[in-house]
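Report on the structure given below.
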Amino acid sequence: MATKRVFNFNPGPAVLPLPVLTKAQEEMLDYKGTGMSVMEISHRSKAFAAIIQTAEADLRELLGIPANYKVLFLQGGASMQFAMLPMNLLPAGASADYILTGSWGKKAFDEAAKLGTVRAAATVKATNFDHVPSQSELNLDPKAAYLHFTSNETIQGVEYFTEPIPPAGVPLVCDASSDFISHPIDVSKYGIIYAGAQKNAGPAGVAIIIAREDLVEKAPDSLPVILNYKTHAADGSLYNTPPCFSIYIVGLVLKWAKELGGLEAVAKRNHAKADMIYEAIDKSGGFYKGHAKPESRSMMNVTFRLPNEQLEEQFPSEAKKRDLIGLKGHRSVGGIRASIYNAMPVEGTEALVQFMKEFQQKNGLIPSCPFHHAWYNVAAFHRRRRHLC
Ligand SMILES: Cc1ncc(COP(=O)(O)O)c(C=O)c1O
């Protein structure tokens with residue numbers, strides 16, 4: 001039976017590159033002559049050492065990670081980093097700054113508030129998180145233990161294109177879960193970057209942490225061993241059994257990104273895909289309305305509304321019949337969210353744009369006759385025109 005593949009617009013776990021899945025399938029039963037699957041080999045074996053070390057080397061190459069940064073592969077997802085970060089870097093008596101640009105930034109802030117003193121350096125809640133604040137809007141503490149921001153808000157679909165600048169000496173910390181390795185960054189501007197893998201970098205089960213060595217060293221010894229960055233940095237992420245299979249897939253994804261031409265090429269492709277959808281929104285005459293302000297529009301999660309909730313229900317369910325999956329927006333924004341991570345093929349966004357046009361043609365709203373201040377469905381309008389006007 002032919003294998004069915006859909007265009008998967010889910011926000012995460014999300015689409016993976018087909019060549020990665022095929023490679024994993026080829027190696028599933030016998031990983032490089034071991035006679036075992038990666039799921040069955042020891043995390044202390046030579047075979048797994050090569051997997052984790054190659055993944056780290058490829059990530060270092062792709063992102064240009066300087067030598068004074070550690071790379072960790074940990075369990076617990078990005079959510080565990082919401083807690084681990086203040087446990088490690090926010091001592092009693094200190095305070096950390098958080099920029100609240102959406103649901104995830106808020107979650108990181110709330111979690112840290114349970115463990116120490118935090119301040120909101122800015123919040124965009126008043127406009128339902130529709131943009132990222134400019135540098136001049138930030139109220140920064142020059143003595144903060146760190147400044148935390150979320151480079152891409154997966155739910156609201158707003159993204160940073162240049163990092164916020166912390167006061168001198170304040171480390172910049174980034175939750176990069178949903179735009180990790182989607183474009184080049186200058187890692188040396190950051191103290192810590194963390195990301196759950198399940199959007200751009202691989203399957204669920206592993207979070208990747210890139211941490212400057214001097215910050216790792218600050219972790220207090222009183223912490224539980226498993227929650228201390230020092231433990232994992234000292235043991236090469238092998239203090240306990242790591243999520244071996246997830247790390248292996250991350251490794252394959254990194255090779256795939258390198259083969260695409262590295263992060264410049266990946267970013268160019270991502271822009272082309274996102275531009276296609278934003279153009280369809282902008283040219284729809286108001287039928288589709290983007291949630292994010294144009295200057296903050298995410299290249300990863302495109303969020304938009306339709307004229308009414310009924311159409312917003314209809315859109316994803318009709319799209320599904322065309323094998324366009326996972327388009328329903330998060331309830332806090334409503335409408336539609338198209339997640340178009342690195343692995344979404346260009347054909348996927350083309351198919352979505354074509355569907356958007358057809359959906360609008362079928363259901364598009366145009367002003368009714370001058371006697372009716374309502375809007376009518378185009379088809380219904382044409383059907384009724386003779387009677388109405
Ligand atoms: C930006 C961002 N941060 C954090 C998380 C939470 O990640 P995890 O489920 O790996 O804990 C998500 C999940 O969607 C996310 O999009």
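Counting convention: from 1, in listed order, for ligands and their atoms alike. All residue numbers in this chain count up from 1 along the given sequence. Values in this document were obtained by computation on a predicted structure and should not be read as measured data.
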Is K199 salt-bridged to D179, cutoff N-O under 4.0 Å? no
Presence of salt bridge, R322 and E358, under 4.0 angstrom: yes
Can you tell whether the side chains of K4 and D323 come within less than 4.0 Å, N to carboxylate O? yes
Looking only at heavy atoms of K107, does any of them come nearer than 4.0 Å to an atom of ligand 1? no
With heavy-atom distances below 4.0 Å as the criterion, list the atoms of ligand 1 near G77. 10 (O), 11 (O)
Centroid-to-centroid, Y248 to F48, below 6.0 Å? no
Could you check atom 14 (O) of ligand 1 against the protein and tell me its nearest heavy-atom contact, residue, atom and distance included? K199 NZ, 2.8 Å
Looking only at protein heavy atoms, identify the closest one to atom 3 (N) of ligand 1 and say how far it is in Å. D175 OD2, 2.6 Å
Please state which option from F180, W104, Y194 has its nearest heavy atom closest to atom 13 (C) of ligand 1. W104
Before accepting this row, confirm whether a basic side-chain N of the pair R212/D214 lies closer than 4.0 Å to the acidic partner's carboxylate O. yes
So which heavy atom in the protein is nearest atom 11 (O) of ligand 1, and how far is it from that ligand atom? S79 OG, 2.6 Å
Mind checking whether Q198 has a heavy atom under 4.0 Å from ligand 1? yes
Report the C-alpha distance between E27 and K23 in whole Å, list the side-chain angles of each, state the deciding distance to 0.1 Å, and finish with yes or no for salt bridge (charged side-chain N to carboxylate O under 4.0 Å, His left out). CA-CA 6 Å; E27 295 181 332; K23 180 82 175 160; 3.5 Å; yes
Residue T154 vicinity, atoms of ligand 1 by number, heavy atom under 4.0 Å: 1 (C), 2 (C), 15 (C), 16 (O)
Run the numbers for me: atoms of ligand 1, each under 4.0 Å from some heavy atom of S177, listed by number. 1 (C), 2 (C), 3 (N), 4 (C), 15 (C)
Pair N301, S339 - check side-chain hydrogen bond (donor to acceptor under 3.5 Å, both in side chains), show working. CA-CA 4 Å; N301 311 96; S339 297; 2.9 Å; yes
Find all atoms of ligand 1 within a distance of less than 4.0 Å from any non-hydrogen atom belonging to N152, and give their numbers and elements. 1 (C)
So which heavy atom in the protein is nearest atom 7 (O) of ligand 1, and how far is it from that ligand atom? A78 CB, 3.5 Å
Parallel, tilted or perpendicular for Y98 and H148, by the 30°/60° rule? parallel
